[in-house]
Every structure is written in structure tokens, then in C-alpha cells.
Amino acid sequence: MDKLIMTPGPTQCSEEVRNALAIKNTNTDMDEYFFELYKDTCDKAKKIINSKESTSVIMLGEAILGLESACASFIEEGDRVLCIYNGIFGRGFGDFVDMYGGEKVYFKGDYRKGIDTEELEKFIDKNGPFKIATLVHCETPTGVTNPIDEICPLLKEKGILSIVDAVSSYGGEEILMDKWNIDVLLAGTQKCLSVTSGGTIIFLSNKAVDTLNNRENSIKGYYVNLKNWINVVDNKKFPYTHSDALINSINVALDRLINRGDFIRIHKELASKIRDTFTKCGFEIYPNDHYSNTLTAIELPKGIDFDHMFKYLKEEKDILIGGSIGKFSGKLFRVGHMGENAKEEKIYILLKALDDYFNYSNKNMDRELHIEFSKL
Ligand SMILES: *Cc1c(COP(=O)(O)O)cnc(C)c1O
């Protein structure tokens, strides 16, 4: 039996994407074919976020490389950086700000809710000015998706450059890069694109490109220096050797996503059904609003130990689900329903397996729980 990987990333690759990794290789520095493939992939990647104006870059490395590249490339010594957060990844940006010499100022939101744009505006007026703001679109450890459609236009109005981590939302949630005035958008390959990990995709607005070109000091870093990447297509020259296998698989994955049609609606409808199913069956969804459409974080019922549940699902059912991290570890379990996993048939299998697990564990719990998966 094939393992079913239902974690909120890495997600399960399709057979087509796996095969795309097995192309005959070429010399990526010298073969015109590779530049065309890279350019085509970058152009398709922009379609997912409805962007005509942005510059896209694909680097080799886990998505966290995108976060680090953005911080290394945009933050200069002494810059005031607003770190907007209501979750673990958002707060983590502060560490990058310290590392690259910025002065961080945190704006903390409620972890169970989307960022409140009105409160944020008051905070900026009182504590500004800021040159840069960092924020997370979908907080993967807790399943909250922030209203970047309101936040990014506000940041633009206040003259603040926005850096948005959309690693677990890109390809699953609506993102209008140009319309919402997002300056830097960061995505990965192993979440909604359902490609193996190893690629980071970065989109830069014209303002972001100008900001890079007008930096006062040189960028501290080699591979993470985005200035070396923004002109690779025009110059037909990469700063370092690229991977044709990975770019080819991203290209195929983008086609698959685009060919699914209205993939944003697909994610939204399935996510809503999953939340309803868990709620109706007596489980508590962690967020109170702004629910993610790419994953769902659910409170572990009393008497259930995550490691026990994980082991049962893995060993008895060949299914992987997610726990959480940091202070949510052992408190939440997470179901990924992004990309190739945003399919009802996979969710059925998972819910059936979870129901079997709860039937098997009900003796340990203060109440019985059953998942009425047939109602999905
Ligand atoms: C997955 C993810 C990343 C990448 O980091 P990992 O440690 O590899 O998971 C960054 N930001 C968000 C919001 C993510 O979901």
C-alpha cells in the first residue's frame, strides 16, 4: 500500500510530478533549453498569484531560504522592521531581523484570530515609521490565514515595504500580488504545489526591485543575495548551478494546479466541509475565525496522546498526519488538505482511519468521539 501523506507539508507528489524529476539532465549553465524552462516556470508561477508586474525567482533550498533571502536582501543596519505576528512563523521573522541588523518591533495579534487591520493601523500610527513589515499569510502550526488583502494595502499606504510568507497558502488561497500591493511574496514547493521540498519561489514587486537596487550597503550573504537573481533570465546567467530536475517538476506541478481550474474554490469548499465534519462530531477547531483553507488545526481531545495517534495511523493505516510545533506540540493535530491532498477521496480515507482510531481509543477518553465521515 502507498503511504498517504496528509501532513500540512511536505504533501504527496503526484506520479506525474515524480516522473518529471526523472528527466535526462543537461548543463543548466550552458543549455539554452534550461533558460527557457526556467523562464516558463517563473511565468507560470506568477499566474497563481495573478501577477503581471512582479519579478519571480526560484532558488534551490527549502522555503525557509526564501524567508532568509528576503531578510538578508532588504534589511539594512538599523532599519526599523515591524514584525506582525499571531503565530510561530510570524514571530520567527524577528530572529532574522536581529541577524541582519534591523531593529525589530513586534505587533502581536490573537493567535486564534486573523490580524485586526484597524488595531494594526493604530499601532503603526503610534509606533512608526517603519521601513519594512514582515508577516505570514497562513500560520501553518495553527491554521489561521491572515487578511493580507487588507493588511498589504495598509502597509503600502503607510510607505512600508511588505514581506509576506505565503509558503503554505501559495496555490491554495487567493493571492492578488499586484492588486493588494504585496512587495515580497515567499512560497515553497512542498506545500500546495505538491512537489518535493528543495525549491523556494520569491516574487518581487517593482518597488521591491527598486529598493534592492538602491540599497546603501552591500548585502551580507552570497546565495541569499537577491540582487544576483533578479536578472538571471535577461542575462541568461545564474549565479550558481541550478537544478533542471526540480524546475521541470515545478513546471509540471504548476500545470497540474492551473489545469484543475478554480483551485482556490476547490480548496475553500473542501476545507469548509472538513471543518464542519469535525465540529459536528464534537471536536474543537483551533482558530476562531480566518480559518485556513489549506490545513485544519484541531485540539487533541482529552485523553488522546498525539504520538500514540500518529503511531497508530502510520503503522495500521499507512497515513501520516501532522502534530504541531512549539507550544502547540501535543495540544493540536493537523490535517493538510492542500494541493494534491485537496481531494475528497483522500480526505475520506483519512477520516475513516481517524474514526477507527477514536473507536479504538474511546476507553481512554472522557467522552466517545466518532467521525461521521460519510457526511463529508
Ligand atoms: C513550511 C513553512 C515554511 C518553511 O519551513 P519548514 O521549517 O521547512 O516547514 C515557512 N513558513 C511557513 C508558514 C510554512 O508553512
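For ligands, and for the atoms within them, numbers begin at 1 and follow the listed sequence. As the structure is a prediction and not an experimental result, all values here were calculated from the model.
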Self-check item: K156 atom NZ: more than 12 heavy-atom contacts under 6.0 Å
Solution: no

Show the short N or O contacts, below 3.5 Å, that ligand 1 makes with protein N or O atoms; if there are none, say 'none'.
{"residue": "ligand 1", "atom": "5 (O)", "partner": "E62", "partner atom": "OE1", "Å": "3.3"}
{"residue": "ligand 1", "atom": "8 (O)", "partner": "E62", "partner atom": "OE1", "Å": "2.5"}
{"residue": "ligand 1", "atom": "8 (O)", "partner": "E62", "partner atom": "OE2", "Å": "3.3"}
{"residue": "ligand 1", "atom": "11 (N)", "partner": "D165", "partner atom": "OD1", "Å": "3.4"}
{"residue": "ligand 1", "atom": "11 (N)", "partner": "D165", "partner atom": "OD2", "Å": "2.6"}
{"residue": "ligand 1", "atom": "15 (O)", "partner": "T140", "partner atom": "OG1", "Å": "2.4"}
{"residue": "ligand 1", "atom": "15 (O)", "partner": "K191", "partner atom": "NZ", "Å": "2.7"}

Exercise. List for me each residue that meets salt bridge (Lys or Arg N to Asp or Glu O under 4.0 Å) alongside R18, sequence neighbours excluded, and say none if there are none.
Key: none

Practice problem: Under the salt bridge (Lys or Arg N to Asp or Glu O under 4.0 Å) rule, collect the residues that match up with K104, sequence neighbours excluded. | Solution: D98

Self-check item: More than 12 heavy atoms of other groups within 6.0 Å of K44 NZ
Solution: yes

For residues 131-138, dump all side-chain donor-acceptor pairs below 3.5 Å to protein atoms at least two apart in sequence or in another chain.
{"residue": "K131", "atom": "NZ", "partner": "D79", "partner atom": "OD2", "Å": "2.8"}
{"residue": "H137", "atom": "ND1", "partner": "S169", "partner atom": "OG", "Å": "2.7"}

Quiz item: What class does the angle between the rings of Y312 and Y357 fall in, given that below 30° is parallel, 30 to 60° is tilted and above 60° is perpendicular?
Solution: tilted

